[in-house]
Amino acid sequence: MSDPVVTNPSAASSDAPGAETRVSPQAPGPVPTFDQFGLSADILRAVVESGYTIPTPIQAQAIPVVLAGRDVMGAAQTGTGKTASFSLPIIQRLLPTASTSASPARHPVRALILTPTRELADQVAANVQAYSKHTPLRSTVVFGGVDMNPQSEALRRGVEILIATPGRLLDHVQQKTLNLGQVQMLVLDEADRMLDMGFLPDLQRILNLLPKERQTLLFSATFSGEIKKLAATYLRNPQTIEVARSNSTNANVRQIVFEIAESDKSGAVTQLIRERGLKQVLVFCNSKIGASRLARVLEKDGIVATAIHGDRTQGERMQALDAFKKGEIEALVATDVAARGLDITDLPAVINFDLPFSAEDYVHRIGRTGRAGATGDALSLCSPNERKQLADIEKLIKRPLEVMTLKVDVPVRRESSSGRRDERPARAERGEHRHARSEEPRRRSTSFERSHSRQQPVDDFFLKPYVASPASARKAQDEAAAEAERKSAPRQPLAALLGGLGMPRRTQSES
DNA sequence: AAAAAAC
């Protein structure tokens with residue numbers, strides 16, 4: 001029996017401009033373990049307590065390279081254990097000189113981790129905190145939208161590892177509550193996203209504040225020309241590490257597209273949640289207003305829903321995400337603020353209420369489900385004027401998506417969330433409401449017809465009960481096994497997947 | 001076209 005082990009990372013890159021990135025080949029060898037990296041016992045203990053025993057491919061590749069002090073250009077799918085792949089070796093490298101003194105002067109910022117969104121910063125910080133909890137190293141997180149004072153106080157007391165979003169970080173530098181002169185290690189997480197968001201000037205400012213003598217790790221979903229340029233300017237002889245083809249989607253995620261009229265979409269979301277028995281679903285909209293509106297409509301349909309987007313206060317954002325993670329909310333309706341990197345354990349499904357403008361965002365959105373070896377559903381609602389976006393997505397992921405029609409059959413709502421009358425108010429007017437209780441609920445039935453060569457009836461999909469993946473699925477060893485299985489077994493056609501829904505859709509055997 | 005991020 002041979003288990004997958006990671007090959008020499010240098011064999012993994014193919015950097016000709018425009019060339020497709022390749023999956024690094026898996027060679028037979030011994031089972032990799034966290035023990036083999038020479039990490040301190042205090043770190044290993046925290047790793048074990050976090051439930052991990054076998055490093056994921058990105059961890060197996062990156063940890064030795066980071067420990068050796070080299071710069072890294074990393075491309076890894078989300079959900080692959082990327083955060084640990086840089087956090088663990090950072091902690092290890094800072095540990096030998098870690099001070100146990102209470103003096104703030106003995107705890108300068110030596111590692112800086114930058115992320116594009118506040119929620120992601122918070123999440124990375126929680127991971128770093130967990131991995132370093134048995135060490136004397138201190139860490140904290142700073143981002144905008146919240147009071148600066150507690151952050152300033154934490155910085156004043158001294159931290160070795162700082163996680164931040166760029167704007168607030170620079171704010172602290174300007175306020176002189178932060179000095180970056182002793183940073184030895186820098187991580188740019190989701191670097192492509194940061195460039196997309198126009199962070200380049202901020203990044204340049206920050207990079208100019210850092211010592212030239214340092215180790216830089218850049219993680220990005222894609223190695224675009226922009227990213228390569230950034231790397232060429234700020235990285236020194238980086239080792240390229242790729243563990244999965246960028247722009248690829250997870251085989252554990254079943255992707256289905258529903259052709260539907262725009263006006264039927266919110267009813268379709270309610271119906272999918274009801275008929276599929278979804279207890280926890282992340283719904284993506286393209287606009288902040290659209291997300292708020294949909295959350296209100298879902299609430300009217302009796303679904304516990306809330307919105308998360310950039311126009312909500314940071315307190316509301318954090319509360320929404322917390323409640324969602326705890327399972328207190330059925331539908332979290334989000335903009336692309338939630339598209340990247342967020343780790344929601346065993347999230348069973350993602351719904352695209354709107355198809356994203358950028359096909360890459362589709363890959364990131366649906367990457368919130370089917371993480372770490374678990375399975376998930378990615379259901380996308382596509383209106384006639386979104387066909388171009390659908391085509392772009394199929395082109396990016398290099399395969400056609402299964403398209404179905406969706407017959408929306410939900411009770412008539414008297415008012416739309418914006419206060420406008422529904423387009424069919426007549427029978428739902430006040431006078432008739434007293435009859436409604438004893439009768440069949442009033443329904444509107446609409447099906448969006450179209451001639452699509454790949455079109456399939458939707459009935460099979462709804463006949464099968466949804467089976468959530470076991471909680472244990474999030475462990476890293478599961479992911480490694482799933483990866484191996486995926487490589488050895490040919491992909492099943494969708495029909496087979498649909499037919500096998502009575503059983504847990506695990507891609508690996510239980511051990 | 002839209003989103004995100006400092007005040």
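Chain naming here is simple, since letters A, B, ... match the order of the sequence lines and numbering starts at 1 in each.
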Measure CD/A:Glu119 against P/B:dA4 and give the value in whole Å, please. 9 Å
Would you indicate, yes or no, if B:dA4 has its OP1 or OP2 atom less than 4.0 angstrom from a side-chain nitrogen or oxygen of A:Arg317? no
Pi-cation contact, A:Phe353 with A:Lys265 (under 6.0 Å, within 45°): yes
Tell me, please, which residues at least two apart from A:Asp71 pass salt bridge (charged side-chain N to carboxylate O under 4.0 Å, His left out). none
In whole angstroms, the gap separating P of B:dA6 from CG of A:Leu114 amounts to 11 Å
Any side-chain donor-acceptor pair under 3.5 Å between A:Arg138 and A:Thr140? no
Let's see if you can work this out: which of B:dA6, B:dA2, B:dA3 has an atom nearest to the side-chain heavy atoms of A:Asp171? B:dA6
Rounded off to whole Å, could you give me the NE2-to-P distance for the A:His364 and B:dA3 pair? 18 Å
Have a look at A:Arg193 and say if it touches a base, only the backbone sugar-phosphate, or nothing, with a 4.0 Å heavy-atom cut-off. nothing
Measure the distance from CD on A:Glu386 to C1' on B:dA2 and round it to the nearest whole Å. 13 Å
With respect to the phosphate group of B:dA4, does any side-chain polar atom (N or O) of A:Arg340 fall under 4.0 Å of OP1 or OP2? no
Return the set of residues passing salt bridge (charged side-chain N to carboxylate O under 4.0 Å, His left out) with A:Glu153 (not counting sequence neighbours), or none when no residue passes. A:Arg156, A:Arg157
Report yes if at least one side-chain N or O of A:Thr335 is closer than 4.0 Å to OP1 or OP2 of B:dA2; otherwise report no. no
Interatomic distance, A:Asp361 CG vs B:dA4 P [rounded to whole Å]: 12 Å
For the side chain of A:Thr216 and the backbone of A:Leu235, is there at least one donor-acceptor N/O pair under 3.5 Å apart? no
When you get a sec, tell me which of B:dA5, B:dA2, B:dA6 is the closest nucleotide to the side chain of A:Ser287? B:dA2
Using whole Å, report how far CG of A:Leu342 lies from P of B:dA4. 12 Å
A:Phe199 side chain, from C-beta outward: closest of B:dA6, B:dA5, B:dA2: B:dA5
Per A:Phe357 side chain, nearest of listed nucleotides B:dA4, B:dA5, B:dA2: B:dA2
Rounded to whole Å, how long is the line connecting atom CZ of A:Arg312 with atom P of B:dA4? 12 Å
Sugar-phosphate only, base, or nothing, as touched by A:Gly145 at under 4.0 Å among non-hydrogen atoms: sugar-phosphate
Is A:Asp336 touching bases, backbone alone, or none of the nucleic acid, heavy atoms closer than 4.0 Å? nothing
B:dA6, B:dA2, B:dA4: which one has an atom nearest the side-chain heavy atoms of A:His309? B:dA4
Nearest to the side chain of A:Phe143 - B:dA2, B:dA3, B:dA6? B:dA6
d(NZ, A:Lys288; P, B:dA1) in whole Å: 17 Å
